[in-house]
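One structure is given here, and the rest of the page talks about it.
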Amino acid sequence: MSQAADRPFFSVADIRRTFLDFFAQRGHTVVASSPLVPANDPTLMFTNSGMVQFKDVFLGTDKRPYVRAASVQACLRAGGKHNDLENVGYTARHHTFFEMLGNWSFGDYFKRESLKWAWELLTEVYRLPPERLWATVYHEDDEAYDIWTQEIGLPPERVVRIGDNKGGKYQSDNFWMMADTGPCGPCSEIFYDHGPEVPGGPPGSPDADGDRYIEIWNNVFMQFDMQPGGSVRPLPAPCVDTGMGLERLAAILQGVHSNYEIDLFDTLIRAAARETGSTDLASPSLRVIADHIRATAFLVADGVIPSNEGRGYVQRRIIRRAIRHGYKLGCTAPFFHKLVPDLVALMGEAYPNLAAQAQRVMEVLKAEEERFYETLAHGMEILDATLAGGQTTLPGDVAFKLHDTYGFPLDLTQDVCRERGVRVDTAGFEAAMERQKAQARAAGKFKMDRVLDYAGPSNAFVGYESLQAPAKVVALYVDGTPVAELKHGQSGVVVLDTTPFYAESGGQVGDSGVITSGSARFVVADTQKIKADVFGHHGTLEQGTLAVGDHVQAQVDLARRAATMRNHSATHLLHKALREVLGEHVQQKGSLVTPERTRFDFAHNAPLTPQQIRAVEARVNAEVLANTDTQARLMDLEAAKAAGAMMLFGEKYGETVRVLDIGSSRELCGGTHVRRTGDIGLFKIVAEGGVAAGVRRVEAVTGENALAYVQGLEAQVHEAAAALKAPVPDLVGRIGQTLEQVRALEKEVAALKGKLASAQGDELAAQAVEVQGLRVLAARLDGADAKALRETVDKLKDKLGHAVVVLASVDAGKVQLCAGVTPDAVARGIKAGELVNAVAQQVGGKGGGKPDMAMAGGTDASRLGEALAGVAAWVAARA
């Protein structure tokens, strides 16, 4: 690595720190990087830019206590629209994981400050040579052009106007849109010129795709609201959103051309070489591994576990691609997880969550390595054998087999084939994968419901203190359209200026109840958020007429709310108890709190034992019996963290948060809760199981539901006792006695079947035919189970001497097959495993085994006679 002699060396850590300090000195609040899994944003699979955590601010559904912000955001692009995976390791600037430097203005400063500060930071702080910098502006943005040329002093020939080059007005690289409608505006990009020795032309030129001029910073000026028809309206409070790639800037500041040559990657590549035993530090495989350890480690730290769907599948693809490149370098044992300490040493200070989760990250990555290494060698053998003949296309069914049997994601197979100049028949693969793809699409479908266009004031929520309140109707909707009134029988959404109804959030379902006014009665079935501070009451007008402006009485269903609160408060105690019993690695992965039960998903790699379940129940019920007061406090976020409050998965928190103390649990939560822990009543876990790799689910009930559950179990116990004619205290012993009797009878039945089968076998020996010196017998032996088939085949082999025997049994339409071959027949190339598989394939099955004895099954008994009749010919062809 090198850098200009007149410029100090900036490490990646220096660049992060300098950027944040620069903007903090200019009144910006430094905001921590949000997780790679976006909170409450179902439109994104992963956080792919710095503005993601501020998206709701720009949409007007969230407010922050600051108007200027700066952050260094961890980002990931490895799926969907932004999929750079296949290029990673082979180009200078493609990554799965990257860091984005950004500063924002929410209706505060605008173009002048944004561009001048960018220029100041780049040229005066980072000390980039001004003559190397270029800028682009949207062709109609005269304001930005004038700031660059007249105020900053950038020569006009180095400020390029970019027109609508994507077909249609505002369809430009320099016009940014959040979506087809909504906030949008021109942007100004800053480029660095690497010099004439590097191929490529300036931005806007025909050679702009070359590597000479590299974009490093984009300043987006959100000043318009895009309308459905394609026209724009000025936003009342224009905003600024900027983003600068840390890795690209580091390469420039450190005097290298490739991102993989910067100090951070240099260290990770050397660590990858150490663990794989590689000496070629320029190997693309080492680059792949160095990139992928960042992506996968941060994903695990943010709760994404390898699996076969959604985010977990993307995680698995990245991990297995890294492992395959290690295998390519000659590494045949788990190595990837050993890079985690090196990564933590480099990035743990900037990302404390990574450092805190280091041990768990290593465990998850190691487990995935061990799982893939079990099949990697076999999969590579199949791939090598298929391509050995010089084919230019890998058949789709082979790619599917690699995926389905050996865990090779398609892009990993394509990666291997690309290195050998072979294409993959993706159409054939996709045809074989259609069912799995449909499931993946269903599991990974992201959508956002913004049907109701509400621009009024926020409502006052009084539901913590009261379950009824006087209110005024401020808006009504039918089928998503605003209306002046609701008529009898119509279903719609009511918005009130004040509401005691809790809107669904944080896993807790929305309230139900009634809204009344005179003769009008609106039955609320559910309450949902229209915006962060506006609740919509969904339901049906059962009586009268309800109009905007009416004064009403809002009444929450008391029993339903009380049941929901019991379950929600119990969830907090459950979370704490799980961490105490299982370990601090337990992290919430989602929850659903309804009046009937609570469902809690959490990170853990093994089923809970009965002892662990009892221990968790005991801890929660001890908290209930203590009957302590529940306390809710509003605190600033940093104070809440300092107080040890736990933050829940999937929640988004502002600077002011609500801290809940429930028993010994302290969490951030905006939900509704009991006043004392004793209000929860009895707590009982009713189900525990796995929902994904590394994720378990516990379901529990409280209060009256718990009582009903226990009474139901008690009734079942009494029914069982009555059926076995035993007192309840003696029930376990009586069940043991009954099972012993059943096992004894089963042994008797099996012995009788064996004797019957043996007797039939003696009779069958006479049916054997002579085939080239071997006695071949293929026959049905109905009534025999697998054990009886094997025993009878052994006896027939002894009886016939030089023999090949196939016996079949049919039970409930299912075929069982057993083949036996004497040693001399095996020596002549006749193997029982091949024979039984050949027969099984004719009856809709498959199987195999040892050369002298093998079993198989089938599902089509109608073809059994034909299959057995062909055994002699099969033997003749091989003897």
Taking all atoms of both residues into account, what is the closest heavy-atom pair of Lys111 and Pro186, and its distance? NZ-CG, 4.1 Å

What are the two closest non-hydrogen atoms of Ser512 and Val524, and how far apart are they? CB-O, 3.1 Å

Considering residues at least two apart in sequence or located in another chain, which fulfil the side chain to side chain contact (heavy atoms under 4.5 Å, CB included) criterion with [X]?
{"X": "Leu592", "result": "Val509, Thr594, Arg599"}
{"X": "Val462", "result": "Glu465, Ala469, Thr498, Pro500"}
{"X": "Ala563", "result": "Arg566, Pro595"}
{"X": "Ala700", "result": "Thr598, Phe683, Ile685"}

Aromatic Tyr464 / basic Arg658 pairing, under 6.0 angstrom, 45° off normal: yes

Cation over ring face, Arg26 and Phe22, 6.0 Å, 45°: yes

Ring geometry between Tyr66 and Phe54 (parallel below 30°, tilted from 30 to 60°, perpendicular above 60°): perpendicular

Please step through ring pair (Phe, Tyr, Trp, His ring centres under 6.0 Å) for the pair His575 and Phe600, ending with a clear verdict. CA-CA 8 Å; His575 189 186; Phe600 187 80; 5.1 Å; yes

Quick test of your reading of the model: are Arg696 and Glu688 salt-bridged, counting only N-O distances below 4.0 Å? yes

Between Asp497 and Lys472, is there a salt bridge with N-O shorter than 4.0 Å? no

Going by the side-chain hydrogen bond (donor to acceptor under 3.5 Å, both in side chains) test, which pairs reach into residues 541-559, not counting sequence neighbours? none

Under 3.5 Å donor-acceptor, Ser71 side chain and Ala32 backbone: no

Identify, with sequence neighbours excluded, every residue that meets salt bridge (charged side-chain N to carboxylate O under 4.0 Å, His left out) alongside Glu623. none

